[in-house]
Amino acid sequence: MIYLNAFIFAGLVCLIGQIILDNTKLTPGHVTTMFVVIGAFLDIFSIYDKIVKWAGGGALVPITSFGHLLIHGALVKAKKYGFVGLMMGMFDLTSSGIIAAIIISFFLSLIFKPKS
Amino acid sequence: MEKNKYNYLVNKYTPKENRLTNGVISFLIGGSMGVVGELLRRLWSNILDIPLKDTGTYMIITLIFIGCLFTALGFFDNIVNFAKAGLIVPITGFAHSMQSAALEYRNEGLVTGLGANIFKLSGTVILYGVVSAYVFGLIRLLLFGG
């Protein structure tokens, strides 16, 4: 059942992205940025946490989860250290993804040549 | 008159993209990516024998690696042309934007090219993610106390 939920949620997010891309002049960069902000916004009221419970991996795959993880890590530290904690914990949960992307793309760009 | 005619001709010969097909394709591909994500989570949970809750990181790293590798091999763009937002919105799009910037500016030198431009496309996601998470986190902290 969770696979169906994952399919529906991830599919819907991508569908919304495609509708925005088709009907406006926004670039994919705008759309991904917008989704990150929406993902962070939904966590003010813990909505995204519920979606993650409902859709599992389907909610973690779209870029909205990036915003969710940013604010989530920040809030965990903020409980302990207050306002400074927001800054301390911001990258706690997302650092693995960002660092993996940096390291992998650095070494792959040394190995491969761009196709022109 | 000439301008109207020109616009008419441009509209006539601009290839029309079928929005319905695009939507259906990106729904199906995006949904499949979600299912793949869930499958990867379970797979890593079984292999490494760790609780399902902690496997999100492994799943995301796997997807980022696949996105980077396909971009470096040069056929990610072809897949995106077909899959549209179905692959841009998932985390593979983030990996793709970083990898393609790295590949493109690699020729301009390791520091002035690769180092200065690797975040050229993906930096916007990180910047606005951090700024919005800080502002919304502050709101939540003030409203609900964390």
Side-chain angles (χ1 to χ4, degrees), chain A residues 2-3 6-15 17-19 21-23 28-29 31-33 35-37 40-41 43-44 55-63 65-67 70-71 74-75 78-79 83 86-87 90 93 96-98 100-102 104-106 108-115, chain B residues 17 19 22-23 26-41 56-57 59-61 63-65 68-69 72-74 84-86 88-91 93-95 97-99 102-104 106 114 118 121-122 124-126 128-130 132-134 136-141 146:
Chain A
I2 195 157
Y3 294 106
F7 186 87
I8 291 171
F9 182 75
L12 275 181
V13 174
C14 293
L15 177 64
Q18 184 60 40
I19 289 171
L21 279 179
D22 273 347
N23 293 303
V31 174
T32 45
T33 308
F35 279 168
V36 169
V37 175
F41 176 75
D43 243 17
I44 297 181
L60 293 173
V61 168
I63 197 82
S65 79
F66 188 74
L70 280 174
I71 191 171
L75 285 171
K79 257 181 199 158
F83 294 107
L86 278 179
M87 295 176 198
M90 186 73 81
L93 299 168
S96 53
I98 296 174
I102 292 173
I104 293 168
S105 50
F106 176 73
L108 285 182
S109 70
L110 293 184
I111 299 167
F112 291 96
K113 289 264 162 357
K115 278 190 178 177
Chain B
E17 289 198 326
R19 290 172 187 177
N22 284 351
S26 40
F27 178 75
L28 291 178
I29 302 229
S32 315
M33 288 301 294
V35 173
V36 167
E38 182 61 30
L39 280 170
L40 278 173
R41 268 176 94 205
T57 310
M59 179 266 282
I60 284 172
I61 292 175
L63 285 179
I64 285 176
F65 180 74
C68 283
L69 188 67
L73 291 171
K84 317 268 187 227
I88 295 171
V89 172
I91 200 86
F94 177 74
S97 61
M98 199 176 265
Q99 181 67 62
L103 282 173
E104 203 180 325
R106 160 87 179 80
L114 181 61
I118 191 165
L121 299 167
S122 52
T124 165
V125 169
I126 297 177
Y128 288 104
V130 167
S132 61
Y134 189 78
F136 295 142
L138 214 58
I139 293 172
R140 182 169 161 154
L141 205 61

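Hydrogens, waters and symmetry mates are skipped; everything else that's a heavy atom, side chains included, is used. Per chain, numbering begins at 1; letters A, B, ... match sequence-line order.
- Note that CD1 of A/Ile19 and CG of B/Asn22 are 10.5 Å apart. Values are rounded to the nearest 0.5 Å.
- For the residue pair A/Ile104 and B/Cys68, the shortest heavy atom distance occurs at CG2-CB, 3.5 Å.
- Taking chain B as the reference chain and counting heavy-atom pairs below 4.5 Å, the highest number among A/Gly29, A/Gly56, A/Gly67, A/Ala59 is found for A/Gly56.
- Nearest heavy atom pair, residue B/Glu38 against residue A/Gly58, reads OE1-N, 4.4 Å.
- A distance of 6.0 Å separates CG of A/Leu108 from CG of B/Leu69, quoted to the nearest 0.5 Å.
- Looking at A/Phe83, both its backbone and its side chain come within 4.5 Å of chain B, counting heavy atoms on both sides.
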For a side-chain contact (heavy atoms from CB on, under 4.5 Å) check, start with the C-alpha distance between B/Phe136 and A/Asp43, then their side-chain angles and the critical distance, and finish with the verdict.
CA-CA 8 Å; B/Phe136 295 142; A/Asp43 243 17; over 6 Å; no
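- Between chain B and the options A/Leu15, A/Ile44, A/Leu110, A/Val37, heavy-atom pairs under 4.5 Å are most frequent for A/Ile44.
- Heavy atoms closer than 4.5 Å to chain A are found in both the backbone and the side chain of B/Leu138.
- Exactly one of B/Gln99, B/Glu104, B/Met98 qualifies for a side chain to side chain contact (heavy atoms under 4.5 Å, CB included) with A/Ser109. That residue is B/Gln99.
- Of the residues considered (B/Leu28, B/Ile139, B/Val130), B/Val130 shows the highest number of contacts with chain A, using heavy-atom pairs under 4.5 Å.
- Residues B/Arg140 and A/Ile71 form no side-chain contact, since every pair of their non-hydrogen atoms from C-beta on lies 4.5 Å or further apart.
- Across all their heavy atoms, B/Gly34 and A/Ala6 have their closest contact at O-CB, 3.9 Å.
- Annotation for B/Thr57 and A/Ser96: closest pair CG2-OG, 3.0 Å, computed over non-hydrogen atoms.
- The parts of B/Ser32 that come within reach of chain A are both its backbone and its side chain, each placing non-hydrogen atoms under 4.5 angstrom from that chain.
- A/Ser105 and B/Ile118 make their closest contact through OG-CD1, 3.8 Å (heavy atoms, listed as atom of the first residue, atom of the second, distance).
- There is no contact between A/Ala74 and chain B, counting heavy-atom distances below 4.5 Å.
- One distance of note links CG of B/Leu40 with CG of A/Leu60; it measures 11.5 Å at 0.5 Å rounding.
- Between A/Phe35 and B/Val125, the closest side-chain pair of non-hydrogen atoms is not below 4.5 Å.
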Is there a side-chain contact (heavy atoms from CB on, under 4.5 Å) between A/Ile98 and B/Ile126 once you walk through the steps?
CA-CA 9 Å; A/Ile98 296 174; B/Ile126 297 177; 4.3 Å; yes
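- Residue A/Ile111: no heavy atom, backbone or side chain, is found under 4.5 Å from chain B.
- Put simply, the side chain of A/Val61 reaches to within 4.5 Å of the side chain of B/Met59, judged on heavy atoms.
- Residues A/Leu21 and B/Lys84 fail the side-chain proximity criterion, which asks for heavy atoms closer than 4.5 Å.
- The shortest distance between side-chain heavy atoms of A/Ile63 and B/Phe94 falls below 4.5 Å.
- In this structure, chain B has a heavy atom under 4.5 Å from the backbone of A/Ala55, while its side chain stays farther away.
- Contact count against chain B (heavy-atom pairs under 4.5 Å) is highest for A/Phe41 among A/Phe41, A/Phe106, A/Phe66.
- Heavy atoms of B/Ile91 lying under 4.5 Å from chain A belong to its backbone as well as its side chain.
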Worked check of side-chain contact (heavy atoms from CB on, under 4.5 Å) between B/Leu39 and A/Tyr3:
CA-CA 8 Å; B/Leu39 280 170; A/Tyr3 294 106; 3.6 Å; yes
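- Heavy atoms closer than 4.5 Å to chain A are found in the side chain of B/Leu114, but not in its backbone.
- B/Phe27 places none of its side-chain heavy atoms less than 4.5 Å from the side chain of A/Cys14.
- Taking the side chain as every heavy atom from C-beta outward, A/Val36 and B/Tyr128 never approach each other to under 4.5 Å.
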